[in-house]
Amino acid sequence: MIESAQERDLLTAAAGGNEGAFGRLVEPYRPELHAHCYRMLGSVHDAEDALQDTLLRAWRAIGRFEGRSSLRSWLYTIATNTSLNQIAKRPKRVLPIDYGPRTDPHDGPGEPIVESVWIEPYPDERMGLEDGLAGPEASYEMRESVELAFVCALQYLPANQRAVLILREVLGFSAAEVAETLETTAASVNSALQRARKTVDERLPDQSQQATLRAIGDDRLSELVDNYVDAWLRGDVDTVTSMLTEDATFAMPPLRSWFGGRGEIAEFLALYPMSGTWDWRVVPTRANGQPALGFYTWDQDAQTYMPFALNVLTFRGEEISDVVAFVARSTEPTERKDYERWPDQPADPSRLLAAFERFGLPGQLNRDA
């Protein structure tokens, strides 16, 4: 099923071995395919690998594409099966709140898990992810489908159920199309979808972040985030924690520890990041369709502010219910006490890429920034 005369011409040239034509043919699909691989895998790094593998497989097979399905559907079939192959080789990705029990703030920040078990933040705006639904059959908006809560919930599904729910409910493919992609029957697809919906619904909040943020409104949201940042920079723990829900959580992957409840979070903040030991600066951005803040700390040796963590905020009403701080510093220290002064550790290049560079955040900030 060829969408246009231009696509037909590019397809003919690509099938004849023209690599440039192939690149132009698949380029419009890159952002959505990347997002699809991210939903499946929970990692931008893994999604980039899966996308490259997908395009390589597509290039090798383009001469055999017969046009019985759309090019988009064909590419999604390759991307889905590539992602399923990756899932079979590694553990699911989670956030600390799903990894273990919450931490006593007096025990300190804790220790890291250095294996690749953590979900990574997604730069949806820089990746060109569109707003709205992918099609009339879809149930979730494109940005809803990369929200942290949604991506976390997906990781609890068996791989095939995950693929079915994304293809049907996010991308709007029919049961017959999904059955062809997964080499199964429409009845099996519908059965898997029913089970997947139940699992995901149990893990999702009553309202998506997109709906919550629309209800708050852009101006009010900016005011709330500005107030949060201002209170943090002033070291005002009481004001920061007053902006949290009573049952809020605060996590800092790659540390396994997380803190739950307004009171315990206040204790942790007062003991460590907001103790007055470190001088902070903040740059606002967005991640996973949600407000996010790039936190920088003053480096006396470098005489500049250096990246520390990307904090992704989840709102419930006008209060913050979850903060996930994706820390970009080294996990080489083996002593627990070293993580009590984690801002003094050097950056980890891979985490710096995941939490700052992919979001277009600056590599350092001057005093007057």
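Computed over heavy atoms, backbone and side chain alike; hydrogens, waters and symmetry mates excluded.
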If the threshold is 4.0 Å, N to carboxylate O, is there a salt bridge linking [X] and [Y]?
{"X": "E340", "Y": "K337", "result": "no"}
{"X": "R214", "Y": "E141", "result": "yes"}
{"X": "D279", "Y": "R367", "result": "yes"}
{"X": "D104", "Y": "R102", "result": "no"}
{"X": "E177", "Y": "R168", "result": "no"}
{"X": "R143", "Y": "D131", "result": "yes"}
{"X": "R358", "Y": "E48", "result": "yes"}
{"X": "R256", "Y": "E111", "result": "no"}
{"X": "R316", "Y": "D247", "result": "yes"}

Checklist entry - Listed by chain and number, what are the salt bridge (Lys or Arg N to Asp or Glu O under 4.0 Å) partners of D230, not counting sequence neighbours? => result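 With neighbours one apart ignored, the set is R234.
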Could you report the tightest heavy-atom contact between [X] and [Y], atom names first, then the distance?
{"X": "A287", "Y": "F359", "answer": "CB-CE2, 3.4 Å"}
{"X": "L224", "Y": "M243", "answer": "O-CE, 3.1 Å"}
{"X": "V146", "Y": "G289", "answer": "CG2-N, 4.5 Å"}
{"X": "I87", "Y": "A159", "answer": "CG2-CB, 3.9 Å"}
{"X": "H36", "Y": "A79", "answer": "CD2-CB, 4.0 Å"}

Is a donor on one side and an acceptor on the other found under 3.5 Å between the side chain of [X] and the backbone of [Y]?
{"X": "T241", "Y": "D238", "answer": "yes"}
{"X": "R90", "Y": "L41", "answer": "yes"}
{"X": "T304", "Y": "L365", "answer": "yes"}
{"X": "T103", "Y": "P105", "answer": "no"}
{"X": "R203", "Y": "A153", "answer": "no"}
{"X": "Q209", "Y": "T314", "answer": "no"}
{"X": "S73", "Y": "S69", "answer": "no"}
{"X": "N288", "Y": "Y122", "answer": "yes"}

Item to check | Aromatic ring proximity, centroids under 6.0 angstrom, F250 and W258 | outcome: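 Centroid distance W258-F250: not below 6.0 Å, so no.
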Checklist entry - Other hydrophobic cluster members with Y99, side-chain heavy atoms of Ile/Leu/Val/Met/Phe/Trp/Tyr under 4.5 Å, chained? => result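 Taking Ile, Leu, Val, Met, Phe, Trp and Tyr as members, Y99 shares its hydrophobic cluster with V94, I113, V117, W118, Y156.
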Any side-chain heavy-atom pair of [X] and [Y] under 4.5 Å:
{"X": "F308", "Y": "W342", "value": "yes"}
{"X": "L25", "Y": "E7", "value": "yes"}
{"X": "L313", "Y": "V323", "value": "yes"}
{"X": "L133", "Y": "M142", "value": "no"}
{"X": "R30", "Y": "L55", "value": "yes"}
{"X": "L293", "Y": "V283", "value": "no"}
{"X": "V44", "Y": "H34", "value": "yes"}
{"X": "L221", "Y": "P291", "value": "yes"}

Any chance [atom1] of [X] has more than 12 other-residue heavy atoms, nucleotides or ligands included, within less than 6.0 Å?
{"X": "E125", "atom1": "CD", "result": "yes"}
{"X": "D201", "atom1": "CG", "result": "yes"}
{"X": "Q207", "atom1": "CD", "result": "yes"}

Checklist entry - Does the pair E319 and R262 meet the rule for a salt bridge (Lys or Arg N to Asp or Glu O under 4.0 Å), with working shown? => result CA-CA 11 Å; E319 294 181 318; R262 189 184 288 160; 3.7 Å; yes
Checklist entry - So if you build clusters from Ile, Leu, Val, Met, Phe, Trp, Tyr with side-chain heavy-atom gaps below 4.5 Å, do L233 and I320 land together? => result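 Same hydrophobic cluster.
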Next on the checklist: By the definition side chain to side chain donor-acceptor pair (under 3.5 Å), identify the one residue from E169, E202, Q161 that meets it with R197.
Outcome noted: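 Per the side chain to side chain donor-acceptor pair (under 3.5 Å) rule, the option paired with R197 is E169, out of E169, E202, Q161.
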Checklist entry - Please walk me through it: do T297 and R329 pass side-chain hydrogen bond (donor to acceptor under 3.5 Å, both in side chains)? => result CA-CA 11 Å; T297 60; R329 295 299 172 93; 3.2 Å; yes
Item to check | Worked check of side chain to side chain contact (heavy atoms under 4.5 Å, CB included) between D98 and Q155 | outcome: CA-CA 11 Å; D98 295 314; Q155 307 311 303; over 6 Å; no
Item to check | Passing candidate, side-chain contact (heavy atoms from CB on, under 4.5 Å) with F173, options E137, R72, E180 | outcome: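 So the option named by the test is R72.
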Checklist entry - For V327, which of M252, Q345, R351 qualifies under side-chain contact (heavy atoms from CB on, under 4.5 Å)? => result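 Passing option: M252.
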State whether a side-chain donor-acceptor pair under 3.5 Å links [X] with [Y].
{"X": "R195", "Y": "S191", "result": "yes"}
{"X": "Y38", "Y": "D46", "result": "no"}
{"X": "Q290", "Y": "E147", "result": "no"}
{"X": "E120", "Y": "H45", "result": "no"}
{"X": "D322", "Y": "T249", "result": "yes"}

Next on the checklist: Please determine whether side chain to side chain contact (heavy atoms under 4.5 Å, CB included) holds for the pair T54 and Y29, giving the CA-CA distance in whole Å, both sets of side-chain angles, and the decisive distance to 0.1 Å.
Outcome noted: CA-CA 12 Å; T54 294; Y29 301 102; over 6 Å; no
Next on the checklist: Working note: D107 + R336, criterion side chain to side chain contact (heavy atoms under 4.5 Å, CB included); need CA distance, chi angles, decisive distance, verdict.
Outcome noted: CA-CA 10 Å; D107 291 340; R336 190 181 183 94; 3.9 Å; yes
Checklist entry - Does the side-chain hydrogen bond (donor to acceptor under 3.5 Å, both in side chains) test come out yes or no for S242 and T239, once each step is laid out? => result CA-CA 5 Å; S242 74; T239 296; 5.0 Å; no
Item to check | Stepwise side-chain hydrogen bond (donor to acceptor under 3.5 Å, both in side chains) check, S83 with Q86 | outcome: CA-CA 5 Å; S83 297; Q86 280 206 24; over 6 Å; no
Checklist entry - Which class fits the ring pair Y272 and F268: parallel under 30°, tilted 30 to 60°, perpendicular over 60°? => result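 If you compare the ring of Y272 with that of F268, the planes turn out tilted.
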Item to check | Of Y305, W232, F356, W280, the residue whose pairing with Y296 passes ring pair (Phe, Tyr, Trp, His ring centres under 6.0 Å) | outcome: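 When ring pair (Phe, Tyr, Trp, His ring centres under 6.0 Å) is applied between Y296 and each of Y305, W232, F356, W280, only F356 qualifies.
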Next on the checklist: Can you tell me how far apart OG1 (T285) and CG (L310) are? Round to the nearest 0.5 Å.
Outcome noted: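 So the OG1 of T285 and the CG of L310 are separated by 7.0 Å.
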Next on the checklist: For D348 and L352: C-alpha separation, side-chain torsions, deciding distance, then whether side chain to side chain contact (heavy atoms under 4.5 Å, CB included) applies.
Outcome noted: CA-CA 6 Å; D348 177 274; L352 191 63; over 6 Å; no
